[in-house]
Student: 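I'd like to ask some things about the structure below.
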Protein chains: 2
Amino acid sequence: MARDLEIILLRSFVTAVRAGSISRAATTLGQTQPALSQQLRKLEGVVGRPLLHRSAAGVTPTRAGEELIPYAERILSLSVEALTETSRVLTGHCGVGLLEDLAASRLSQTLADLARLHPGATLEVLCVSRADMREAYDEGRVQLVLDEVPDLPGPPRWTIRRPLVWAVGAGVDVTADPLPVVLFSNECAWRTAVIETLDRPWRVAFESNSLVGVLAALRAGLGVAALMPENLDPSMACHDPDALPKLPDVELGLARHPRTEGEPLIDAVETALRRAFS
Amino acid sequence: MARDLEIILLRSFVTAVRAGSISRAATTLGQTQPALSQQLRKLEGVVGRPLLHRSAAGVTPTRAGEELIPYAERILSLSVEALTETSRVLTGHCGVGLLEDLAASRLSQTLADLARLHPGATLEVLCVSRADMREAYDEGRVQLVLDEVPDLPGPPRWTIRRPLVWAVGAGVDVTADPLPVVLFSNECAWRTAVIETLDRPWRVAFESNSLVGVLAALRAGLGVAALMPENLDPSMACHDPDALPKLPDVELGLARHPRTEGEPLIDAVETALRRAFS
DNA sequence: CCCTGGCCATAACAAATCATTATGGCAGAC
DNA sequence: GTCTGCCATAATGATTTGTTATGGCCAGGG
């Protein structure tokens with residue numbers, strides 16, 4: 001049998017007592033009635049005594065339930081207090097350097113959520129060339145950089161591998177000879193990956209130095225391109241796994257400026273970035 | 001993202017900090033190191049900041065971690081306090097009337113566990129005839145009765161259906177004509193169920209008024225019998241589903257003497273009985 | 001200098017848990 | 001009587017969790 005109470009169950013219990021009914025508590029918690037019913041039964045199992053009188057009118061706490069209520073409320077309030085204390089609203093500034101492909105993905109959503117959570121803080125996202133990124137990092141305008149490992153301005157604190165996949169523009173024949181390819185025009189690690197991977201004749205159908213340009217070219221049916229899965233429009237997925245050679249993974253890493261060690265806001269952004277890939 | 005902390009995660013965190021190492025904390029918690037590692041990462045996700053510095057030597061709390069520790073310890077101690085208060089060691093006496101088949105099953109183990117948990121309480125299990133049971137119930141020597149619904153001395157507070165299965169004694173031929181059957185000699189609801197279910201010639205090979213007698217007869221290869229699955233030795237299972245007709249379910253129910261409403265010990269025993277069937 | 005051992009992180013899979021939909025029973029209102 | 005609102009249960013599917021099996025990293029000792 002469980003040795004600890006569970007805070008979620010305590011919240012369910014308190015809500016049910018306040019609501020006087022499991023069904024109503026369920027809706028205020030955004031759950032279904034059977035789910036809550038099961039949770040309360042589980043809690044009763046942990047405590048070892050019935051906590052609620054059930055009737056057709058609703059529920060009322062038993063003797064044991066009444067004894068539990070004050071503890072439950074205290075634990076719940078301590079829980080939110082602990083959270084607001086340790087992850088209290090942050091202030092300051094954090095510059096984040098991102099690979100453009102990452103900036104386009106749901107990562108920006110994550111960062112925007114974070115910024116909304118901390119109205120006193122400013123978040124800035126930068127997508128620039130490797131050299132500019134290094135400069136911004138050295139000058140302290142950017143504290144975190146998430147990019148391909150060789151391009152990082154400092155040692156990676158952690159890394160993560162992501163696959164590349166082929167995106168096939170509308171109406172493009174993947175067996176065409178030569179194969180029309182849409183490329184990033186920057187010196188980018190996977191531009192070379194694409195070129196080295198292709199084992200048959202190909203030609204550059206279009207080049208762009210920005211992801212939106214590449215995506216537009218794909219939508220226009222100009223050719224095929226290598227993307228991270230996050231940026232792949234499902235309609236452009238390549239369904240025949242053998243039509244094009246398998247692309248290598250890219251290794252992304254996060255560099256953090258050493259002077260920012262222990263800064264809560266930078267902590268929070270780093271944790272959010274990491275969590276976005278879990 | 002989760003809105004509450006989780007007590008289990010707080011315990012993991014505190015243990016890790018105290019142990020100075022995730023691995024050691026894992027062994028003291030009886031878990032594996034990766035499991036704990038994941039839990040701590042999840043907790044960091046909820047808080048939004050790193051809580052531990054990881055190194056090859058072990059872990060030490062970060063600034064945020066140090067802030068969290070006192071909250072975590074307070075919540076943990078409140079949690080155990082709430083449990084010991086609401087499910088504190090009980091005293092008193094509780095008589096439980098059981099169908100013999102139930103007394104033989106793991107249910108006795110459950111009740112023994114409960115008794116060990118509450119050294120100041122005495123538990124008594126009674127397996128007697130329906131009439132004696134009613135008498136004991138009326139006189140207050142038995143507060144809870146778990147039996148077939150029609151045999152209960154009071155209205156059932158809850159019920160549960162259990163299947164009956166055929167047990168085939170060692171070496172018994174289930175196609176024999178007439179089929180040798182081992183029966184309870186008491187007037188028992190499923191004695192009649194067996195008789196009514198059998199759709200071909202049969203004979204009473206052995207009768208006993210106790211479950212151990214029936215089991216002994218089965219082991220001796222005297223015939224087949226109907227049992228609850230809990231009491232079925234796997235070696236006696238009937239493997240051919242069509243060899244014998246399907247037996248009906250039995251409906252068990254729990255009656256509780258009305259005068260015991262709210263008594264903590266009786267509460268605890270009732271909850272334990274119910275939980276044993278969940 | 002290269003092992004070796006302790007530490008943590010990750011991956012992949014298996015097991016357990018959880019929430020949902022779909023029911024049914026029960027009691028009071030109409 | 002039939003409704004209506006309540007709770008409980010069953011069954012299924014999704015999610016979560018824990019496990020084993022690895023690999024990388026750093027420090028200490030040969």
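Residue numbering restarts at 1 for every chain, and letters A, B, ... go by the order of the sequence lines. Since this is a predicted model, take the numbers as computed values, not measurements. The basis for the numbers below is simple: all heavy atoms, side chains too, and nothing from hydrogens, waters or symmetry mates.
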Student: For the helix from C:dC1-D:dG30 to C:dC30-D:dG1, measure the angle between the helix axis at one end and the axis at the other, each built from five pairs, rounding to 10°.
Tutor: 10°
Student: Would you kindly say whether B:Ser23 and B:Gln33 are connected by a side-chain donor-acceptor distance under 3.5 Å?
Tutor: no
Student: For B:His53 and D:dC26, what is the distance between atoms NE2 and P respectively, to the nearest whole Å?
Tutor: 16 Å
Student: Can A:Glu270 and A:Leu273 be said to form a side-chain contact (heavy atoms from CB on, under 4.5 Å), step by step?
Tutor: CA-CA 5 Å; A:Glu270 180 187 344; A:Leu273 286 176; 5.7 Å; no
Student: Using atom CZ of A:Arg157 as one end and atom C1' of D:dG24 as the other, report the distance to the nearest whole Å.
Tutor: 17 Å
Student: Figure out the CG/P separation between A:Leu40 and C:dC18, and round it to whole Å.
Tutor: 13 Å
Student: B:Glu148 side chain to B:Leu99 main-chain N or O, any donor-acceptor pair under 3.5 Å?
Tutor: no
Student: For B:Leu36, is there any backbone N or O sitting under 3.5 Å from a side-chain donor or acceptor partner on B:Gln31?
Tutor: no
Student: Output one letter per nucleotide in nucleotides 7-13 of chain C: B when a protein non-hydrogen atom lies under 4.0 Å from the base, S when only the sugar-phosphate is that close, - when neither is.
Tutor: SBBB---
Student: Return yes if a side-chain donor-acceptor contact under 3.5 Å exists between A:Ser37 and A:Arg41, otherwise no.
Tutor: no
Student: Starting at CG of B:Leu36 and ending at P of D:dT17, how long is that distance when rounded to a whole Å?
Tutor: 13 Å
Student: Whole angstroms only, please: what is the CG-C1' distance between A:Leu52 and D:dC6?
Tutor: 14 Å
Student: So, A:Glu67 and B:Thr86: side-chain donor and acceptor under 3.5 Å apart, yes or no?
Tutor: no
Student: Take atom CD of B:Gln31 and atom P of C:dA15, then tell me their distance rounded to the nearest Å.
Tutor: 18 Å
Student: OP1 or OP2 of D:dT16 less than 4.0 angstrom from a side-chain nitrogen or oxygen of B:Lys42, does that happen here?
Tutor: no
Student: List the steps, then state whether side chain to side chain donor-acceptor pair (under 3.5 Å) holds for A:Thr260 with A:Arg256.
Tutor: CA-CA 7 Å; A:Thr260 66; A:Arg256 173 169 177 169; 3.0 Å; yes
Student: Could you point out which residue of A:Glu6, A:Gln38, A:Gln39 forms a side-chain hydrogen bond (donor to acceptor under 3.5 Å, both in side chains) with A:Ser12?
Tutor: A:Gln39
Student: Distance check needed: D:dT16 P versus B:Leu9 CG, whole Å only.
Tutor: 13 Å
Student: Between A:Thr15 and A:Arg11 (side chain of the first, backbone of the second, donor and acceptor by atom type, cut-off under 3.5 Å), is there such a pair?
Tutor: yes
Student: Grab the CG-P distance between A:Leu43 and C:dC18 for me, whole Å please.
Tutor: 12 Å
